[in-house]
Amino acid sequence: MMDLLRSFYWFDEALQSGLKSHGWPDVSRGQSLVLVNIMLGVRRASQLARNLGISRQAMSKTLVEMEERGLIVLKPDPMDRRAQIVAFSPESETLRDDAQAILRELEGHIGRRFGKQRIARMREILREDWGAIPDLSSVNRD
């Protein structure tokens, strides 16, 4: 798991560096994770907070900052007046295009470094359904 996390950090730092080289202002890791979650279809602020492991208040503050920067828009949820729907703003389209191009280049880089077959296998494993989270209450702590 530590290797997966280290690899994620490498990708995020490389993405941030690439965006900066394209003239985009810094995006925090938390904001980057929000953007990735939106790309994955997560639209409710409460679910974003759960996915990132932060309070709803902290998520609300992050989303307001991101909306002020023009990265996202917040809309009332028609199904729940207390909730908000989070979406990309029209202004962030160019940023998303640049990010996708940078990510494709990063994937090409690791493909050249480690071999396309190994990367394809890694991608295959990551896309698999890993099943339900196991009950680990009986794991011996020794």
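In this text the structure is predicted, and so the values were computed from the model without any measurement. Computation of the quantities below employed the complete heavy-atom set of this structure, encompassing side-chain atoms and omitting hydrogens, waters and symmetry-equivalent molecules.
Side chain of S60 to main chain of Q57: no donor-acceptor pair is present (N/O by atom type, distance under 3.5 Å, no hydrogens or angles). Although no hydrogens or angles enter the test, the distance criterion places no donor-acceptor pair under 3.5 Å between the side chain of R44 and the main chain of Q84. Between the side chain of R121 and the main chain of Q117, no donor-acceptor pair closer than 3.5 Å is present. At distances below 3.5 Å, at least one donor-acceptor pair connects side-chain atoms of S89 with backbone N or O atoms of S92. Distance alone, capped at 3.5 Å, is enough to place a donor-acceptor pair between the S7 side chain and the D3 backbone.
Across all their heavy atoms, S55 and A49 have their closest contact at O-CB, 3.9 Å. Here the shortest heavy-atom pairing between V86 and L63 reads CG2-CD1, 3.9 Å. Between I102 and A14, the closest heavy-atom pair is CG2-O, 4.4 Å. Heavy-atom minimum distance, D12 versus S32: OD1-OG, 2.7 Å. Between W130 and I125 the shortest heavy-atom distance is NE1-O, 3.0 Å. Here the closest heavy-atom approach between residue L106 and residue W10 is recorded as CD2-CH2, 4.0 Å.
Crowding of R82 atom CZ: a count of heavy atoms from other residues, nucleotides or ligands under 6.0 Å not exceeding 12. For R96, the CZ atom counts as densely surrounded, since its 6.0 Å shell holds more than 12 non-hydrogen atoms of other residues, nucleotides or ligands. Atom CZ of R118 sits in a sparse spot, with 12 or fewer heavy atoms from other residues, nucleotides or ligands closer than 6.0 Å.
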*Before giving the answer on side chain to side chain contact (heavy atoms under 4.5 Å, CB included), spell out for L33 and N51 the whole-Å C-alpha distance, their side-chain angles and the decisive distance to 0.1 Å.*
CA-CA 9 Å; L33 286 170; N51 286 1; over 6 Å; no
*Check against side chain to side chain contact (heavy atoms under 4.5 Å, CB included), Q16 and E13*: CA-CA 5 Å; Q16 298 308 325; E13 289 169 19; 5.7 Å; no
*asked:* Pair L52, N37 - check side chain to side chain contact (heavy atoms under 4.5 Å, CB included), show working.
replied: CA-CA 9 Å; L52 272 65; N37 272 267; 3.6 Å; yes
*Step by step, would you call R56 with R50 a side chain to side chain contact (heavy atoms under 4.5 Å, CB included)?*
CA-CA 8 Å; R56 288 182 184 202; R50 272 192 298 280; 4.0 Å; yes
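Side-chain heavy atoms closer than 4.5 Å link hydrophobic residues (I, L, V, M, F, W, Y) into clusters, and following such links, even through other members, never connects L136 to I133. Taken together through direct or relayed side-chain contacts under 4.5 Å among Ile, Leu, Val, Met, Phe, Trp and Tyr, L74 and M59 form part of one hydrophobic cluster. Follow the hydrophobic side-chain contacts under 4.5 Å out from I85 and you never reach V73; the two are in separate clusters. Cluster membership for L95 and F11, using ILVMFWY side-chain heavy atoms within less than 4.5 angstrom, is shared. Transitive grouping of hydrophobic side chains (ILVMFWY, heavy atoms separated by less than 4.5 Å) brings F8 and L48 into a common cluster.
If you take OG1 on T94 and NE2 on H22, they are separated by 11.5 Å, rounding to the nearest 0.5 Å. The structure places CZ of R127 at 10.0 Å from CE of M122, a figure rounded to the nearest 0.5 Å. Here the CG atom belonging to L103 is positioned 8.0 Å from the CG atom belonging to L19, to the nearest 0.5 angstrom. In this structure, Q31 CD and R69 CZ are separated by 5.0 Å, a value rounded to the nearest 0.5 Å. Distance CZ/R112 to CD1/I119: 11.0 Å, rounded to 0.5 Å. Atom CE of M66 is separated from atom CG of L35 by 3.5 Å, given to the nearest 0.5 angstrom.
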